Amino acid sequence: MKISTPLILACIPLLVGCSLEQRLDSVSAKIHQQFADSKSWNELPLRVISWEQALAMISRSNLSIANARNSIDDAERQSISVYTEMIPGVSYYGYLTKSIKQLSNDLSVSDLSSDINITFYLPTLTRIPYRLYASHATTFAAIKALEGKQRELAAKLYKQVRTRELELQRRELESKQPDRSEQDRMLDVKNYADADSAHWIAMCEMLGDYSARWQVLPSSVPKLKWSKYESKLNRLDDLIVCMYALRLEQARLAQYQVALTYLPTINTSLYSPSLFSSTGGTYKGSFLSGEDTRLNLSLSYSFDTELTTWNTYQKAKRHYEVVQREVMAGVIDHKMKLQTLRTSVHEYNNWRSYMLKRIDYLQAQPTMTATELIERDKTILAMKKELISQAITAVESEAALIVEYGVVR
């Protein structure tokens, strides 16, 4: 069998591909087209979805969620590699041998040679338990990080939707204000447009879809009941505790990894000649046999005479002690924040109850003159606007509850 040299030369451009400039021009053209096809927020269609549909879109398309899932996949593959590294590897090597003077002639099978080799690798036996444990811990941490990111985005979505709903209510009240100047109304139009733009962009970013102005149906948003959260504030949520515990375990593993270097190193290897060899038809066949194969075991130990490992171990030990103190401080700080959250919610509920009763009282009072009626209505309007302003602040607390404990219906 002969292989034409011109045919090989003709295939080289196909293997190399186009030039860098051509490739960048092609990619740049696509980016320019994407920019031209994209629309500003006020040109996008308005699409109404439910709370559950919004959460499904976040789970499916949000970039932060995608990165968290990729971290889990990477950790799982790394965990499997502890086992797959012990699977024998098979490699192929091909050689071309021909004098430069004869390169112009056509190639033949006699000019080619090849080997197929098999390689066995067994990791250091003293490190296998650590690698298995560490890989499992990494995978578990990635899974919990995904749960935390999902809860964080649910709280962010809740805050965005509820704040938007309250902002629209405040706009309606401001439109009823009789003594508002035309200049203030024009300024409101600009501020409202900027707020609308920021809202739609935030929604598209959260949902991971820029094809529409996504509006979550307010009636589908869960109504958080303070009574269901109040008892939970007495203890940390399991997910929060798990994140603290994983941080401690990560620092402990770093210390343990250094300590492993004090153990003797046990190496294993399996040597064999080529599994198969071919040299143009003159020398070929299978060569793997039990007598030719050798199993090697070696034991080595290095004395830390320069105290390099000892110093590294002490550094890791001090870091672990610092992390323990940081976690303790974080837990105490967490408790203080939860107590502050409880107090602020109680104060808000009491204040809101008073304001609603005060508004009902003022509305029930008779007025003797038109001036008194106007002043009363202005007072009630100002109180309603203040109610909305404080409700927007309260949404921050509700979102914080979702971050801590999830959505409790």
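Keep in mind that this is a model prediction, so the values were computed, not measured.
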Salt bridge check: are Asp196 and Arg164 linked by an N-O gap of less than 4.0 Å? yes
Taking every non-hydrogen atom, the tightest pair across Leu166 and Ile388: O-CG2, 3.4 Å
In terms of heavy-atom contacts, Ser64 and Asn62 come closest through N-OD1, 2.9 Å
Under a 4.0 Å N-O cut-off, is there an ion pair linking Asp73 with Arg69? no
Could you check whether atom NZ of Lys223 has more than 12 heavy atoms from other residues, nucleotides or ligands sitting under 6.0 Å from it? yes
Take Lys357 and Asp360, measure what salt bridge (charged side-chain N to carboxylate O under 4.0 Å, His left out) needs, and give me the verdict at the end. CA-CA 5 Å; Lys357 292 178 180 178; Asp360 290 340; over 6 Å; no
Qualifying salt bridge (Lys or Arg N to Asp or Glu O under 4.0 Å) pairs with a residue from residues 244-254, counting only residues at least two apart or across chains: Arg247-Glu326, Glu249-Arg252
Looking at every non-hydrogen atom in both residues, tell me the closest pair between Leu248 and Tyr320 and how far apart they are. O-CE1, 3.5 Å
Ring pair (Phe, Tyr, Trp, His ring centres under 6.0 Å): pairs with one or both residues in residues 341-360, sequence neighbours excluded: Trp226-His346
With salt bridge (Lys or Arg N to Asp or Glu O under 4.0 Å) as the rule and sequence neighbours excluded, what pairs involving residues 371-394 come up? Asp179-Lys378
Asp238 and Lys144 ion-paired at < 4.0 Å: no
Taking atom CD as the centre, does Glu205 end up with more than 12 heavy-atom neighbours from other residues, nucleotides or ligands that are less than 6.0 angstrom away? no
Return yes when atom CG of Leu63 has more than 12 non-hydrogen atoms of other residues, nucleotides or ligands closer than 6.0 Å, and no otherwise. no
Between Glu321 and Arg318 (salt bridge meaning N to carboxylate O under 4.0 Å), is one present in this structure? no
Return the set of residues passing side chain to side chain contact (heavy atoms under 4.5 Å, CB included) with Gln250 (not counting sequence neighbours), or none when no residue passes. none
Take a 6.0 Å sphere around CZ of Arg185 and say whether it holds more than 12 heavy atoms from other residues, nucleotides or ligands. yes
My understanding is that only residues two or more places apart in sequence, or in another chain, count here; which of them pass side chain to side chain donor-acceptor pair (under 3.5 Å) with Gln53? Ser50
Heavy atoms from other residues, nucleotides or ligands near CE of Met383 exceed 12 (cutoff 6.0 Å): yes
What are the two closest heavy atoms between Cys204 and Trp214, and how far apart are they? SG-CD1, 4.1 Å
Electrostatic pair Lys190:Asp194 at N-O distance under 4.0 angstrom: yes
Considering residues, nucleotides and ligands other than Glu43, do more than 12 of their heavy atoms fall under 6.0 Å from its CD? yes
According to the interplanar angle, ranging from 0 to 90°, do the rings of Tyr130 and Tyr256 count as parallel (below 30°), tilted (30 to 60°) or perpendicular (above 60°)? tilted
Write out all pairs satisfying salt bridge (Lys or Arg N to Asp or Glu O under 4.0 Å) with one or both partners inside residues 152-162, taking only residues at least two apart or from two chains. Lys149-Glu152, Lys159-Glu396, Arg162-Glu165
